[in-house]
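The structure appears right after this line, and notes come after that.
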Protein chains: 2
Amino acid sequence: MGLNDEVGRRLRELRQQQRLSLSELARRSGVGKGTLSELEGGRRNPTLDTLYALTTALDSPLSAVLSDHPRHAFEAGGEGVSGDAVTAVLIERFEEPPAVTDVFRIRIAAGSVQESAAHIADTSESLMVLTGTAVVGDPAQPQTAGPGEYAHWRADTPHLYSAPTGDVHGILFVRYPRAGAHRA
Amino acid sequence: MGLNDEVGRRLRELRQQQRLSLSELARRSGVGKGTLSELEGGRRNPTLDTLYALTTALDSPLSAVLSDHPRHAFEAGGEGVSGDAVTAVLIERFEEPPAVTDVFRIRIAAGSVQESAAHIADTSESLMVLTGTAVVGDPAQPQTAGPGEYAHWRADTPHLYSAPTGDVHGILFVRYPRAGAHRA
DNA sequence: AGGTGGCGTTCTGTTTACGGAACGTTCTGT
DNA sequence: ACAGAACGTTCCGTAAACAGAACGCCACCT
């Protein structure tokens with residue numbers, strides 16, 4: 001049930017869908033046909049270059065051959081249940097001398113509450129809600145933001161994310177100083 | 001030109017986002033730290049197993065590290081609201097029954113002023129400034145927003161975008177009622 | 001100060017993914 | 001029947017990806 005079995009299987013499927021022989025794909029991609037044979041059989045652990053050469057020759061994106069695991073846990077580790085209450089994917093990162101801003105596409109699962117530990121000093125977060133109603137920020141004085149609304153809070157203290165009434169989608173901004181100090 | 005440079009760069013970004021040291025990530029993923037160091041430097045051609053071990057330890061999907069979607073989608077993304085002074089690329093669109101929200105990556109050229117005509121009724125816009133200082137909104141009472149700050153204005157009247165002191169980068173939200181009949 | 005422990009890089013020996021050659025098989029055509 | 005050619009698999013020498021050790025650096029101890 002290896003990852004390489006999976007990738008090999010997909011590779012073979014893709015090739016056969018295009019009515020290409022193993023030899024022909026090897027020729028077009030520049031990959032040795034022995035390599036390709038063992039790869040499709042899941043008996044090899046391909047390098048990125050090899051995968052890229054093959055998917056390109058198959059006119060497919062790399063993702064066509066990788067088991068797409070579209071889950072990303074936000075703020076994993078730390079305390080508490082880092083479950084699937086909040087998922088976030090980085091879509092942009094801005095760096096300028098004094099600070100860095102990360103822009104995430106975020107989803108808060110319906111009915112869930114997640115508390116996040118403090119980040120480094122002078123970190124702040126902002127949320128633009130796209131759909132749903134979010135309750136976020138300081139646990140003592142949380143803010144509520146609905147579709148099209150905006151919230152801003154300090155993130156150098158513990159803070160929470162929750163979606164009491166239904167799934168929330170939004171864009172989250174995390175802004176923190178550029179200095180590289182570590183906290184305990 | 002390397003695919004491996006790109007992957008290495010993303011890997012490092014992801015790791016730093018999570019405030020993990022190289023050594024710590026190596027420990028958690030079971031990947032040798034020498035390997036990880038050279039990988040982040042683009043001096044290696046990682047195998048699938050290695051990539052998977054790393055992205056799993058980073059709680060990210062494999063695709064987060066493959067130049068496939070995340071950032072190239074922006075460059076490829078076509079639809080823009082472009083004038084002389086303002087360039088914008090759509091990065092996300094949310095549709096829910098009452099309204100649609102478009103999320104743009106926006107740049108306002110230094111020293112420029114652009115006025116936009118009124119959009120349809122009940123349209124509003126919000127801007128999160130990432131770098132620079134923007135002056136935006138109602139021409140009679142424009143708002144100023146610096147890095148990390150936020151502005152919101154009605155867009156069903158003429159409104160302006162300007163960057164008096166230097167290039168401005170940000171994320172622009174345009175929210176408008178859903179086209180067509182009002183359905184409950 | 002010396003010591004301790006973290007960091008990221010470079011070095012080293014082992015393992016293995018690679019391209020290509022050699023192989024057995026099957027399917028043409030003459 | 002026998003080429004001839006294509007197929008996919010297995011073999012082989014080489015290049016390189018790997019884990020881990022050794023290194024130099026810096027911060028914080030006692």
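All values below were derived from every heavy atom in this structure, side-chain atoms included, with hydrogens, water molecules and symmetry-related copies excluded.
- Across the protein-nucleic acid pair, A/Glu38 atom CD and D/dC12 atom P stand 13 Å apart, rounded to whole Å.
- One finds no side-chain N or O of B/Arg27 lying less than 4.0 angstrom from the OP1 or OP2 phosphate oxygen of D/dG20.
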Open item on the list: Let's go through B/Val7 and B/Leu51 carefully: what are the C-alpha distance in whole Å and the side-chain angles of both, what is the deciding distance for side-chain contact (heavy atoms from CB on, under 4.5 Å) to 0.1 Å, and is it a yes or a no?
Closed with: CA-CA 9 Å; B/Val7 167; B/Leu51 274 186; 4.0 Å; yes
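- Nearest to the side chain of A/Arg44, among D/dT10, D/dA19, C/dG19, sits C/dG19.
- A salt bridge links B/Glu24 with B/Arg27: the closest approach of a Lys/Arg side-chain nitrogen to an acidic carboxylate oxygen falls below 4.0 angstrom.
- Remark: B/Arg9 engages B/Glu6 in a salt bridge, criterion side-chain N to carboxylate O under 4.0 Å.
- Put simply, CG on A/Leu11 is 15 Å from C1' on C/dA17, counting in whole angstrom units.
- The line from CE of B/Met128 to OH of B/Tyr150 is 10.0 Å long, rounded to the nearest 0.5 Å.
- Base pairing of C/dG19: its partner is D/dC12, meeting the Watson-Crick or G-U wobble criterion (both donor-acceptor distances under 3.5 Å).
- Contact check for B/Leu14 versus B/Thr55: no side-chain heavy atoms found under the 4.5 Å cut-off.
- If you check every strand for non-hydrogen atoms under 4.0 Å, B/Leu39 touches sugar and phosphate atoms only.
- For C/dG6, the base has no donor-acceptor partner in the side chain of B/Ser23 [N/O atoms by modelled type, under 3.5 angstrom].
- Atom CD1 of B/Ile171 sits about 7.5 Å away from atom CD1 of A/Ile171, to the nearest 0.5 Å.
- The distance between atom CZ of A/Arg43 and atom C1' of C/dT15, rounded to the nearest whole Å, is 19 Å.
- A salt bridge links A/Asp167 with A/Arg107: the closest approach of a Lys/Arg side-chain nitrogen to an acidic carboxylate oxygen falls below 4.0 angstrom.
- Rounded to a whole Å, the CD atom of A/Glu24 is 10 Å from the P atom of D/dA6.
- The stretch residues 46-56 of chain A touches DNA chain C through A/Pro46, A/Thr47, A/Thr50, each having a heavy atom within less than 4.0 Å of the strand.
- At whole-Å resolution of the value, CD in A/Glu40 and P in C/dA17 are 16 Å apart.
- A/Ser21 comes within contact range of the sugar-phosphate backbone alone, with a heavy-atom separation under 4.0 Å but no base atom that close.
- Listed nucleotides C/dT9, C/dC7, C/dC11 differ in distance to B/Arg12; the shortest reach to its side chain belongs to C/dT9.
- In this structure, B/Thr35 does not reach the D/dA17 phosphate: none of its side-chain N or O atoms is under 4.0 Å from OP1 or OP2.
- A/Gly30 comes within 4.0 angstrom of sugar-phosphate atoms only, judged by non-hydrogen atoms across all strands, and of no base.
- The distance from atom CG of A/Leu36 to atom P of D/dC7 is 12 Å, rounded to the nearest whole Å.
- Set against C/dA22, C/dG19, C/dC7, the side chain of A/Lys33 has C/dA22 as its closest nucleotide.
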